[in-house]
Structures are given as structure tokens and as C-alpha cells.
Amino acid sequence: MAALAPYFAEPWCGTPSPFHVLPRCRLREPSYSPSLTPEPSSSSLSPAAQPFQPRIMVQWQPPPDGFVKLNFDGSLYNDGSGRASIGGVIRDCRGRVLIAFAERTEHTTVGIVEAQALIRGLQLARYYFLGGLGMVAEGDDRVLVRLLRAEDTYTRIPLDMQQEIITLLGQFPACQVQHIFREGNQVADAHCHAAYQQQGVWVGAVALPGAVVEKVEDDAYGVKHERICKPKPPRCDSSIQSLPRWCLEARKLTTTC
């Protein structure tokens, strides 16, 4: 810990910080705003045209003053390679990177990998003396977020893992768990993929993986990303024995837009 002491010299959000100064934070609510693109006239549409869908723009938002925000993500490949990883980043109210991590992990389920990423991020926040600040934990796993917010009882993780997350969140003076679309969670996602080439924990923005730096800068400057909704798979009648394999597999998929 002594090696970290020289970094904590510059005031940030009311407490010391080791990091370069980015523009002052603006306190805003999470933004999922429809585009102002005008709706096409119904007379100009062909009979086969799809109904008009407004464009949704997603933008990462910094936490309020006195809080840090953890963006977390989990990734796994179901291609037989056994690859799985977790990644995340903790930033202050000015969008500055405080701590980032990228690590490979055991191949399991999506729900468990996402929860592992959240747990690892909260542990690092505590270890690096960020426990005196409020915590905003933000991820793109809607099921996990709704579970932790007590909005739903459906879970994809064991009870002991859920309790560990709740215990860690309770160690911060104030905490909030919230969902963000994956387009606004690109920094955490980039860390997940970087883990296959470069594992590690980074304190500050120095020497971050190259694939991550551009995403961090986009978020700091308020770049908006268009929400991309994948079409839902067709419904299939499982009583029909002649269904193709892809149709049967599609029944297991869910997509939230």
C-alpha cells in the first residue's frame, strides 16, 4: 500500500485521487433517449415494411459526487473452447478510471459469470480504500439487477453467491444497483475480451489494454451509442417431431430490447 501513497495527492470529488483530471462531472439520470428521427409517413411504406421503431440512444453516465460507479460484465464462449472471463471498471464522478480488472475464470453459466464479475469489482473497491464512498453497481444482466433490487425473485445464481453480493454492498455507506444496456457497458465488455490476452488489475488509467482506452474516452466525452435489438427467434411447437434443430435450440433463447 505504501507504493500507492504518492498517487493520492490531487483532490477529486471531495477526496484524494491518483488520476488525471477529466472534465467536471454532470449529475444526470441514466439516459436511454429515443432519437428525434421523424416517423415515416404510412403512405410511403410498402405492405411488407416493418412498423416504425424509434432509435434508442444509450449513454454511460458518471455517478453523483461522493459516489464511484462499478461497471461489470461476464463473458463465456459456448464453442467448446472453455473460455470464460470477467471484467469491470470503477470510475469516479468525473469519469476517471480508478480501478479496472480483466481476468479469466471457470466456464460455467452466464448468470454465475456475471455475478462473479460484480463480486470481484466490489472486493477491489473495498481493498483500495473506496469504502468511504457510495457505490453504484451497474451491469447489463437484467436478471441479476432485478434480483438484487428485489424487483423479481427469479435467479440464476446460488443463494450463497447472492448473499455475498448483498454483504459486500452493505459495506458501503450508500449503494445502488442498476441496469444498463450492453451498448452503454462497453468498457466492462472490452475488459472481458482483453482478459484472454492480458489479465490483470489496473490502478488508474495507466497501461490499460489498448482495446479499452478508446471506450473509456468515449464514455468520458458522453458519446451515445445506438441500441441494437436482435430479433426474437420464432416460436416453435415442440410437439412437431420434424422441427429442425435450430428451431428447437431457439426455444432456449431470450432477448430483451
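None of the values given here were measured: they were computed from a predicted structure.
By the side-chain hydrogen bond (donor to acceptor under 3.5 Å, both in side chains) test, Glu151 pairs with Arg149, sequence neighbours left out. For the side-chain hydrogen bond (donor to acceptor under 3.5 Å, both in side chains) test, residues two or more places apart in sequence or in another chain that qualify with Gln186 are Lys215, His225. For Ala125, the side-chain contact (heavy atoms from CB on, under 4.5 Å) test picks out Ile90, Leu130, Met135, Phe172, with sequence neighbours left out. Applying the side-chain contact (heavy atoms from CB on, under 4.5 Å) criterion to Thr109, with sequence neighbours excluded, gives Ile112. With sequence neighbours left out, Glu226 forms a side-chain hydrogen bond (donor to acceptor under 3.5 Å, both in side chains) with Arg55. Arg104 meets the salt bridge (charged side-chain N to carboxylate O under 4.0 Å, His left out) test with no other residue; sequence neighbours excluded.
Taking all atoms of both residues into account, the shortest heavy-atom contact from Val113 to Ile86 is O-CG2, 3.5 Å. Here the closest heavy-atom approach between residue Gln178 and residue Val136 is recorded as CD-CG1, 3.7 Å. Scanning all heavy atoms of the two residues, the minimum distance from Leu144 to Leu118 falls at CD2-CD2, 4.2 Å. Here the closest non-hydrogen pair linking Ala102 and His191 is CB-O, 3.2 Å. In terms of heavy-atom proximity, Asp141 sits nearest to Gly111 at OD2-CA, 4.2 Å. The two residues Gly88 and Ala188 have their closest heavy-atom pair at CA-CB, 4.2 Å.
Note: Gln171 CD to Ile166 CD1 = 12.5 Å, rounded to the nearest 0.5 Å. To the nearest 0.5 angstrom, Ile180 atom CD1 is 6.0 Å from Lys69 atom NZ. Between Asp189 atom CG and Glu183 atom CD the span is 10.0 Å, to the nearest 0.5 Å. With rounding to the nearest 0.5 Å, the separation of CD1 in Ile99 from CH2 in Trp202 is 13.0 Å. Atom-to-atom distance recorded for Gln116:CD and Ile165:CD1 is 10.0 Å, nearest 0.5 angstrom. Taken from CD in Gln162 to CG in Leu148, the straight-line distance is 6.5 Å, to the nearest 0.5 Å.
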Can you check side chain to side chain contact (heavy atoms under 4.5 Å, CB included) on Asn71 and Arg91, steps first, answer last?
CA-CA 8 Å; Asn71 283 90; Arg91 288 172 281 192; 3.3 Å; yes
Using the side chain to side chain contact (heavy atoms under 4.5 Å, CB included) rule, take Leu70 and Glu138 through it: C-alpha gap first, then chi angles, then the decisive distance, then the call.
CA-CA 6 Å; Leu70 163 65; Glu138 185 174 75; over 6 Å; no
Side chain to side chain contact (heavy atoms under 4.5 Å, CB included) between Arg227 and Arg182, intermediate numbers included
CA-CA 8 Å; Arg227 169 73 175 144; Arg182 59 182 177 272; 3.2 Å; yes
Are Phe181 and Val58 close enough, and set up right, to give a side chain to side chain contact (heavy atoms under 4.5 Å, CB included), and what steps lead you there?
CA-CA 7 Å; Phe181 291 129; Val58 182; 3.8 Å; yes
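Within a 6.0 Å sphere centred on CD of Glu106, heavy atoms belonging to other residues, nucleotides or ligands number 12 at most.
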Which donor-acceptor pairs under 3.5 Å do the side chains of residues 72-85 make with protein atoms, sequence neighbours left out?
unit_1: Asp79; atom_1: OD1; unit_2: Ser81; atom_2: N; d: 3.0
unit_1: Asp79; atom_1: OD1; unit_2: Ser81; atom_2: OG; d: 2.6
unit_1: Asp79; atom_1: OD2; unit_2: Arg83; atom_2: NH2; d: 3.3
unit_1: Ser81; atom_1: OG; unit_2: Arg83; atom_2: N; d: 3.4
unit_1: Ser81; atom_1: OG; unit_2: Arg83; atom_2: NE; d: 3.2
unit_1: Ser85; atom_1: OG; unit_2: Cys192; atom_2: O; d: 2.8
unit_1: Ser85; atom_1: OG; unit_2: Tyr196; atom_2: OH; d: 3.4

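Val223 and Val89 end up in different hydrophobic clusters when Ile, Leu, Val, Met, Phe, Trp and Tyr side chains are linked at under 4.5 Å.
When side chains are defined from C-beta on, Val212 counts as touching Val187, because their heavy atoms get closer than 4.5 Å. Side-chain atoms of Val216 and Tyr221, non-hydrogen and from C-beta on, never get closer than 4.5 Å to each other. Between Met161 and Gln163 there is no side-chain heavy-atom pair separated by less than 4.5 Å.
Cluster partners of Tyr154, by chain and number: Val143. The rule joins Ile, Leu, Val, Met, Phe, Trp and Tyr whenever side-chain heavy atoms lie under 4.5 Å apart.
For residues 107-131, the set of pairs meeting the salt bridge (Lys or Arg N to Asp or Glu O under 4.0 Å) definition, not counting sequence neighbours, comprises Glu103-Arg120.
Side chain of Arg146 to main chain of Thr153: no donor-acceptor pair is present (N/O by atom type, distance under 3.5 Å, no hydrogens or angles).
In this structure, Lys224 fails the cation-pi test against Trp60, since its NZ or CZ atom is not both closer than 6.0 Å to the six-membered ring centre and inside 45 degrees of the ring normal.
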